[in-house]
Protein chains: 2
Amino acid sequence: MARQKIKIRRIDNIAARQVTFSKRRRGLLKKAQELAILCDADVALIIFSATGKLFDYSSSSMQELLGKYKLHSNINNLDKVEEPLLDLQLHESDETRMGKELLDKNLELSQLRGEDLQGLTLEELQRLETLLEGGLHRVRRTKDERITNMIASLEQKLITLNSNGKRPRTSTTGECDNMVINPEDHGQSSDSVICSCNSLEDDCSDTSLKLALPFN
Amino acid sequence: MARQKIKIRRIDNIAARQVTFSKRRRGLLKKAQELAILCDADVALIIFSATGKLFDYSSSSMQELLGKYKLHSNINNLDKVEEPLLDLQLHESDETRMGKELLDKNLELSQLRGEDLQGLTLEELQRLETLLEGGLHRVRRTKDERITNMIASLEQKLITLNSNGKRPRTSTTGECDNMVINPEDHGQSSDSVICSCNSLEDDCSDTSLKLALPFN
DNA sequence: ACCTCTATGTATAAAAG
DNA sequence: TCTTTTATACATAGAGG
């Protein structure tokens with residue numbers, strides 16, 4: 001597609017494969033969403049990376065959509081591997097293993113929240129900081145995308161509203177279904193969300209655009 | 001996208017919508033397949049047209065893939081009536097409850113890392129951002145305390161070293177036991193940790209003190 | 001991993017058959 | 001609805017941080 005056309009065959013170079021995976025995954029998710037919105041279709045997309053990581057999109061409830069799929073397909077049990085479960089000792093060890101894992105996860109969660117940090121070494125704190133910075137950055141980027149879409153959708157609605165002189169139908173864009181554009185009551189919502197749009201900058205830029213969107 | 005750029009919103013004209021659906025559906029299915037082949041990923045795509053027609057693609061067995069999906073998601077019953085699974089209710093209530101909790105924790109963890117954010121609402125993203133900011137702030141504060149103590153301890157050792165002309169005993173401050181103050185080999189460590197000391201300000205101050213402490 | 005940049009390959013909107 | 005055509009928008013390979 002760019003410097004060179006590629007053959008559709010497995011990319012051997014692992015790094016290149018990973019990069020391509022990231023790019024194409026995004027593209028595919030975007031196009032799935034566009035199809036759903038443009039054509040009023042119900043779309044579900046499930047992607048497992050080669051390393052087993054899950055990415056998914058669903059234009060509506062994934063659960064409902066998969067349920068609907070089951071009706072149209074011959075698949076009637078997704079639990080085809082119902083292990084006979086040689087109970088007792090297996091059960092016992094499973095349960096304690098899971099309990100330990102739970103404790104681990106809980107500790108990890110509280111440390112990400114900034115609690116229970118005393119036992120950590122400086123390197124571990126450093127790692128935690130980097131992790132949090134990355135997470136914060138990605139959360140902000142996602143939020144910004146969301147807001148950008150909302151603003152675009154809002155503008156579109158206002159334009160429609162002005163040119164039609166009447167209320168548009170309930171949104172079908174899928175982006176803004178929870179935003180109320182209603183001349184009779186908008187602006188009265190007591191709840192608002194402060195949105196800092198700064199993901200494109202580093203997390204330290206306070207040139208961030210601050211918005212308070214009425215929300216409900 | 002040709003003669004004109006289109007907005008991503010529902011296409012009102014039914015005929016045009018249908019045409020676009022055909023074209024984009026094919027494109028999407030093709031790209032899903034390409035992703036699966038190029039990147040060795042496992043991909044499932046399910047599309048219901050507005051009229052309820054089903055189109056799907058799966059890079060491997062749809063059944064297996066959806067089964068795998070169930071393990072990664074919190075969806076455990078695609079049927080309204082999940083069969084009690086002729087198993088004993090003890091098993092069901094204990095192990096799966098823990099399994100669910102684990103899945104929850106895992107989801108929460110990946111969201112804190114900034115992954116799997118697509119399903120979240122703006123408010124949830126906002127909450128996540130605030131949580132991460134708080135966590136980052138506390139981690140940085142803890143790290144700064146640690147560094148401050150280390151520096152103080154280091155200085156103390158150097159003073160002792162200079163005035164005594166010999167090595168001090170192993171530190172008793174408890175803060176720096178893992179730092180080597182050894183004239184014969186210090187400075188040869190290839191590892192160092194970059195430390196940003198900025199927790200006293202808000203996380204957005206980049207007046208942070210940057211240090212590179214030799215570390216081992 | 002993730003971003004940016006750019007050249008180029010692809011997808012597709014619109015029109016016409 | 002499907003095909004073809006064409007102009008244009010979009011996606012992305014490859015390279016470099």
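Per chain, numbering begins at 1; letters A, B, ... match sequence-line order.
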Starting at [atom1] of [X] and ending at [atom2] of [N], how long is that distance when rounded to a whole Å?
X        : N       : atom1 : atom2 : answer
Lys7(B)  : dC10(D) : NZ    : P     : 11 Å
Arg25(B) : dT1(D)  : CZ    : P     : 10 Å
Arg24(A) : dC10(D) : CZ    : C1'   : 13 Å
Gln4(A)  : dT10(C) : CD    : C1'   : 16 Å
Ile11(B) : dA13(C) : CD1   : C1'   : 9 Å
Arg26(A) : dC10(D) : CZ    : C1'   : 16 Å
Asn13(B) : dA14(C) : CG    : P     : 10 Å
Arg17(A) : dG14(D) : CZ    : C1'   : 18 Å

Go through [options] for me and flag the one nearest to the [X] side chain.
X         : options                  : answer
Gln18(B)  : dT1(D), dT10(C), dC2(C)  : dT1(D)
Arg138(A) : dC2(C), dA13(C), dA13(D) : dC2(C)
Thr20(B)  : dC3(C), dA13(D), dA13(C) : dA13(C)
Lys31(B)  : dA14(C), dA11(C), dC3(C) : dA11(C)
Lys30(A)  : dG9(C), dA13(D), dA11(D) : dA11(D)
Ser22(A)  : dT1(D), dA1(C), dT12(D)  : dA1(C)

Exercise. Quick one: does NZ or CZ of Lys68(B) land under 6.0 Å from the six-membered ring centre of Phe48(A), within 45 degrees of the ring axis?
Worked result: yes

Problem set entry | side-chain N/O Arg141(A) vs dC3(C) OP1/OP2, d < 4.0 Å | yes

Seminar exercise, completed: Rounding to 0.5 Å, atoms NZ (Lys105(A)) and CD (Glu108(B)) come to a distance of 12.0 Å

Exercise. So does Arg138(B) pair up with Glu115(A), basic N to acidic O under 4.0 Å?
Worked result: no

Exercise. So does Arg140(B) pair up with Glu133(A), basic N to acidic O under 4.0 Å?
Worked result: yes

Exercise. Taking all non-hydrogen atoms of both residues, which atom of Asp42(B) and which atom of Ser60(B) are closest, and how far apart?
Worked result: OD1-OG, 3.0 Å

Exercise. Can a donor-acceptor pair under 3.5 Å be found between the side-chain atoms of Lys23(B) and the base atoms of dA13(C)?
Worked result: yes

